Number of protein chains: 2
Amino acid sequence: MEPMAMSQDQDFTPPKRPLTLRDVSEASGVSEMTVSRVLRNRGDVSETTRNKVLEAARELGYVPNKIAGALASSRVNLVAVIIPSLSNMVFPEVMTGISDILDETELQAVVGVTHYKPEREEKVLYQMLSWRPSGVIIAGLEHTEASKAMLAAAGIPVVEIMDTDGDAIDAKVGISHRRAGRQMAQAIIEAGYKRIGFLGTKMPLDHRARKRFEGFTETLAKAGLEIADQEFYSGGSALVKGREMTQTILERNADEPLDFLYYSNDMIASGGLLYCLDNGIDVPGDIGLAGFNGIEFIDGLPKKLATMKAMRSEIGRAAAQIIAKRVADSSAPRGEEIVLEPELKFGETLRRKKKPF
Amino acid sequence: MEPMAMSQDQDFTPPKRPLTLRDVSEASGVSEMTVSRVLRNRGDVSETTRNKVLEAARELGYVPNKIAGALASSRVNLVAVIIPSLSNMVFPEVMTGISDILDETELQAVVGVTHYKPEREEKVLYQMLSWRPSGVIIAGLEHTEASKAMLAAAGIPVVEIMDTDGDAIDAKVGISHRRAGRQMAQAIIEAGYKRIGFLGTKMPLDHRARKRFEGFTETLAKAGLEIADQEFYSGGSALVKGREMTQTILERNADEPLDFLYYSNDMIASGGLLYCLDNGIDVPGDIGLAGFNGIEFIDGLPKKLATMKAMRSEIGRAAAQIIAKRVADSSAPRGEEIVLEPELKFGETLRRKKKPF
DNA sequence: ATGAAAGCGCTAACAT
DNA sequence: ATGTTAGCGCTTTCAT
């Protein structure tokens, strides 16, 4: 055997560089342009050449270079989705709604996470915009000036989601958290609860939780009530924290007991519910409980928690639909506003009407 | 004031197209090349020009075009992360581990979701690879032939995560699910349980759950035991399903009662635990329970569930570290294997030793 | 320390 | 139905 020949023939390894259209073109004997057309299903190509090209591409294992394609066509089928967190259970649901819609289009979601930090948001946004996406879906209406400027200047559809209490740069889809807080307060007042405690996250930058709280206290005030006590947490397992905070706040008010606990999310509310049940507290007789968000798993708890469905997947779907429409038709009007109605669930921890005397 | 001058100066609207380096170059009177150097902090640039450029860029609101940059430099700071699901709580944790590491580098994770469907995985992978990422982190060792071929041909570091029971294309990081199943079986056997039920997802393509099951039954067999009954679910709230399945399997075996239930994840196990407690079943006296995954919130349940920590964030971190190292040093050896040890937690639902007679 | 030229891998626009 | 040409907005390389 001739080692030389061998090393040329059998051991021949194509240079380890990604394949290009040109490689497919040469392998199939079809011009680059036609190869491009086949691979994108654009323009008329005869069955024969089409097959030749497809065959060659498959054989070589060619994967088109979207970077080059995007640069040449100045079309990028990416939608930047910017959210505060993934570990929250709420944002994965929004993502699901978004994907449900985008999966039917050419568009693809790319996620950036801000950890509720405005400066992180600014950075993530800058990174994302530098890929020149076709649209942006971003959580919340509060952003740094620089972020707002970037979004406004990007010249692409921007949908701010989750919250509708404030001014949007372009489109917005969400619920009014202030109103959600008011509605819950109203239900609690109507049920005759008087000594109300609030339990939430120590997170000044969670604007939606803040707005719910504001709406809540506002409505209480109109009924001549105010929050009797409050307790905040940060970090750790929310379920455990819910238990701990509940114990703390109940013990602190033992002499003049609370009769309702409003939690800023369902996870801590669930912890509170488990605490109450473990300690033989009658819910909702002695004390009523309510959370916020309607996370799926509360259905499996010993008692169904009162909560409000935050319409997360609907929000995701609506936002994605707006982007898809605007991308498809660049002359479509901007500034869409979709305000969804969160659904109040009384569950089994909030009475529907006053306790009879 | 001169209106003409005003409308030229203040009212002047730049054409609505994204800004380019050239715009910054013209605005600052510095060559495009030098502008590029300033913006990337590369090469020597005098303080004076540097400031001129930075000023102009800021003023215009210039956002670099990474598409063009990536094409010219053939460097893309993206890491494709391909996972089956986001709603699972497990993958967001892996993502967190990945981000923890990548945030210290130039690299950025881009997520693709497969919904446990091989053909979806193939498609997502193709999409991702067409952006020419610097590396791939992909869940599992089982992929279609085409997917494996793409990964092998991509010429970039590939880390397969979560599972180590099988052959990797390049690097792998995870735990041995087969071994995890064996260990749990061993603990159950040693505790003296005999009539064991299995409850899991109806998901033939969740290879990791399958391997745990195989390891589990294998070890039982060695001890002369076998699964007494099993029950599967799909869709719906896992906590609710856990309750329902538990009721079903317990009632079906009322005449010869089960004394242990092994669940394929902690969420259904939690539902089972709540069911048992609601119905006055003594856990772990009458019946022992164990799940898998160590989700954070089980700490808040009335009884701590026996489970196994699946080391998710550690897996994410290790995988990201491998990618980061290989990207930084392309001559680094490939094929890393990191097998992490899942931690068995007995909690309060699995006895540590035999019940005395 | 700065600039000029060439080209990354595609696609738009125009031939043919 | 297919091919040719000229960029897309950057960075690389080589001058100066």
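Keep in mind that what you see is a predicted model, and the values were worked out from it rather than measured. Order of the sequence lines fixes the chain letters, A, B, ..., with proteins taken first and strands second; residue numbering starts at 1 for each chain.
- Ser28(A) meets the side-chain hydrogen bond (donor to acceptor under 3.5 Å, both in side chains) test with no other residue; sequence neighbours excluded.
- Residues passing the salt bridge (Lys or Arg N to Asp or Glu O under 4.0 Å) test with Glu337(A): none are found, sequence neighbours excluded.
- Scanning for side chain to side chain contact (heavy atoms under 4.5 Å, CB included) contacts around Val76(A) gives Ala70(A), Leu78(A), Arg132(A), Ile67(B), Trp131(B), with sequence neighbours left out.
- Shown here are the salt bridge (Lys or Arg N to Asp or Glu O under 4.0 Å) partners of Asp170(A), two or more places apart in sequence or in another chain: Arg326(A), Arg334(A).
- Shown here are the side chain to side chain contact (heavy atoms under 4.5 Å, CB included) partners of Asp100(A), two or more places apart in sequence or in another chain: Thr96(A), Arg317(A).
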> Which letter, B, S or -, goes with each nucleotide of nucleotides 4-16 of chain C from 5' to 3', with contact meaning a protein heavy atom under 4.0 Å?
Replying inline: B--BBBBBBB---

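- Listed by first and then second residue, the salt bridge (charged side-chain N to carboxylate O under 4.0 Å, His left out) pairs that reach into residues 135-145 of chain A are Glu142(A)-Lys211(A), Glu145(A)-Lys148(A), sequence neighbours excluded.
- The end-to-end axis angle of the helix from dA1(C)-dT16(D) to dT16(C)-dA1(D), rounded to 10 degrees and based on five pairs per end, is 30°.
- Residues in residues 59-77 of chain A take part in these side-chain hydrogen bond (donor to acceptor under 3.5 Å, both in side chains) pairs, two or more places apart or across chains: Lys66(A)-Gln127(B).
- Every side-chain hydrogen bond (donor to acceptor under 3.5 Å, both in side chains) that Ser46(A) has, sequence neighbours left out, goes to Thr49(A).
- Qualifying side chain to side chain contact (heavy atoms under 4.5 Å, CB included) partners for Glu119(A), counting only residues two or more places apart in sequence or in other chains: Lys117(A).
- Salt-bridge formation is detected for the pair Arg58(B)/Glu55(B): a Lys NZ or Arg NE/NH1/NH2 atom is positioned less than 4.0 Å from an Asp or Glu carboxylate oxygen.
- Boundaries of the chain A contact region on DNA chain D are dA1(D) to dG9(D), first to last in 5' to 3' order (nucleotide atom under 4.0 Å from a heavy atom).
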